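Heads up, the thing below is written out as structure tokens.
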2 protein chains.
Amino acid sequence: MDADLFKALGDATRRTILDELVERDGQTLFEICGRLTMKHGLTSSRQAISQHLAVLEEAGLVHTRREGRYKFHHVDTSPLRAIVERWPIDAEEADS
Amino acid sequence: MDADLFKALGDATRRTILDELVERDGQTLFEICGRLTMKHGLTSSRQAISQHLAVLEEAGLVHTRREGRYKFHHVDTSPLRAIVERWPIDAEEADS
DNA sequence: TTTATACGCAAGCGGCGACTTGCCTGTCAA
DNA sequence: TTGACAGGCAAGTCGCCGCTTGCGTATAAA
């Protein structure tokens with residue numbers, strides 16, 4: 001089921017996390033927390049972000065790599081391909 | 001905000017409705033209800049589907065056209081383009 | 001061996017969203 | 001005009017999700 005994918009994309013904080021990881025791949029949890037606070041004005045706690053990352057990982061949008069006490073997070077946008085393959089995007093007619 | 005878009009895609013029933021409308025565009029509410037029950041085994045009530053269609057319309061994924069007492073629903077997949085534009089889909093590395 | 005750092009686990013709370021229920025409006029046929 | 005048909009509105013219920021809180025584990029520095 002691709003339910004995990006759409007569930008992951010359903011939250012604004014998770015989408016911002018994806019933005020951050022696309023801009024700078026391979027961050028740790030604390031780095032992501034810091035950047036979300038600084039650049040995006042988010043106030044979420046570490047645990048909240050950790051849970052968000054777990055959801056993103058379930059959806060296959062984020063892969064993790066352990067190294068000592070650090071855990072690096074890497075984006076993988078390829079699951080998004082399922083979306084455009086499911087509903088082909090037609091050429092646009094401008095809004096009326 | 002594209003929050004409406006992701007919110008709309010967040011529900012499995014709404015995604016099935018999109019499937020149905022892509023396969024057969026311009027259906028009325030009752031037609032959609034019937035097809036969801038027949039082909040997809042969904043048991044949602046008419047009001048539930050109506051609310052789903054309202055969400056899809058808010059997201060710009062469905063446009064409606066009134067004709068007498070009928071209301072025809074048309075798909076518009078173009079809002080999905082925002083997704084692939086926001087997070088470019090990279091060429092795939094197969095899973096380990 | 002202590003102490004700090006980076007992260008994990010799990011229970012609990014609050015709010016939002018999906019769905020139902022009941023009734024109402026508008027259109028068309030008989 | 002009466003009735004059936006297609007759809008709309010609004011309040012209420014209930015489960016899930018995002019978040020907090022508190023504690024626990026593992027790695028590395030002092």
Side-chain angles (χ1 to χ4, degrees), chain A residues 1-21 24-38 40-59 61-74, chain B residues 1-21 24-38 40-59 61-74:
Chain A
M1 235 351 191
D2 43 17
D4 290 339
L5 172 63
F6 294 102
K7 175 188 168 187
L9 295 176
D11 184 82
T13 301
R14 284 195 286 268
R15 295 195 293 272
T16 307
I17 293 176
L18 285 184
D19 291 338
E20 250 306 307
L21 286 178
R24 178 174 236 260
D25 198 41
Q27 299 187 55
T28 68
L29 174 58
F30 274 46
E31 285 176 323
I32 296 173
C33 287
R35 291 185 170 253
L36 287 180
T37 305
M38 297 295 120
H40 303 275
L42 298 188
T43 63
S44 311
S45 70
R46 176 185 61 86
Q47 290 84 347
I49 304 297
S50 177
Q51 289 168 6
H52 282 309
L53 287 169
V55 175
L56 289 170
E57 195 169 5
E58 265 188 81
L61 290 167
V62 164
H63 299 169
T64 58
R65 167 175 54 97
R66 268 242 163 227
E67 201 157 322
R69 60 175 164 178
Y70 299 101
K71 186 177 183 182
F72 299 100
H73 301 265
H74 298 270
Chain B
M1 239 343 192
D2 41 17
D4 290 338
L5 173 62
F6 294 101
K7 174 188 168 190
L9 296 175
D11 183 83
T13 302
R14 282 195 287 269
R15 295 195 293 273
T16 308
I17 292 177
L18 285 183
D19 291 337
E20 251 304 311
L21 285 178
R24 178 176 238 259
D25 197 41
Q27 297 189 55
T28 67
L29 173 59
F30 275 43
E31 285 176 325
I32 295 172
C33 286
R35 290 183 171 253
L36 287 179
T37 305
M38 297 295 117
H40 304 275
L42 299 188
T43 63
S44 311
S45 69
R46 176 184 61 88
Q47 290 83 350
I49 304 297
S50 177
Q51 289 168 6
H52 282 310
L53 286 169
V55 175
L56 289 170
E57 195 169 3
E58 265 187 82
L61 290 166
V62 165
H63 298 170
T64 58
R65 167 176 56 96
R66 267 244 162 224
E67 200 157 322
R69 59 176 165 178
Y70 298 102
K71 187 176 182 181
F72 300 101
H73 301 264
H74 299 270

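Computed from a predicted structure; not experimentally measured. Letters go in sequence order (proteins before strands), and every chain restarts at 1.
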Length of the [atom1]-[atom2] vector between [X] and [N], whole Å:
| X | N | atom1 | atom2 | value |
| --- | --- | --- | --- | --- |
| A:L9 | D:dC17 | CG | P | 15 Å |
| A:E57 | C:dC7 | CD | P | 13 Å |
| A:Q27 | C:dA6 | CD | C1' | 15 Å |
| B:K7 | C:dG17 | NZ | C1' | 7 Å |
| A:Y70 | C:dA4 | OH | P | 16 Å |
| B:F6 | D:dC17 | CZ | P | 18 Å |
| A:R65 | C:dA6 | CZ | C1' | 15 Å |
| B:D11 | D:dC16 | CG | C1' | 12 Å |

Does D:dC19 have OP1 or OP2 under 4.0 Å away from a side-chain N or O of A:H52? yes
Would you say C:dG8 has OP1 or OP2 under 4.0 Å from some side-chain N or O of A:S50? yes
Could you check which of [options] has an atom nearest any side-chain atom of [X]?
| X | options | value |
| --- | --- | --- |
| B:K71 | D:dA6, C:dA6, D:dG8 | D:dG8 |
| B:R66 | C:dA6, C:dG8, D:dG7 | D:dG7 |
| B:T28 | D:dG7, C:dC7, D:dG18 | D:dG7 |
| B:Q47 | D:dG18, C:dC23, C:dA18 | C:dC23 |
| A:A48 | C:dT20, D:dT27, D:dC19 | D:dC19 |

Any donor-acceptor pair, under 3.5 Å, between the side chain of A:R69 and the base of C:dC7, if you only look at N and O atoms? no
Ignoring hydrogens and geometry beyond distance, is the side chain of A:Q51 in donor-acceptor contact with the base of D:dT20 at under 3.5 Å? yes
Closest to the 5' end of DNA chain D, once A:S44 and B:F30 are matched to their nearest nucleotides, is B:F30
With nearest nucleotides of DNA chain D determined for A:S45 and A:G68 from heavy-atom distances, which residue corresponds to the more 5′ nucleotide? A:S45
Side-chain heavy atoms of A:L29 within contact of A:K71, under 4.5 Å: no
Are any non-hydrogen side-chain atoms of A:L9 and B:L9 less than 4.5 angstrom apart? no
Roughly how far apart are [X] [atom1] and [Y] [atom2], rounded to 0.5 Å?
| X | Y | atom1 | atom2 | result |
| --- | --- | --- | --- | --- |
| B:H52 | B:L42 | NE2 | CG | 9.0 Å |
| B:R24 | B:E31 | CZ | CD | 6.0 Å |
| B:Q27 | B:L36 | CD | CG | 8.5 Å |

By nearest-heavy-atom nucleotide on DNA chain C, the more 5' of B:R46 and B:I49 is B:I49
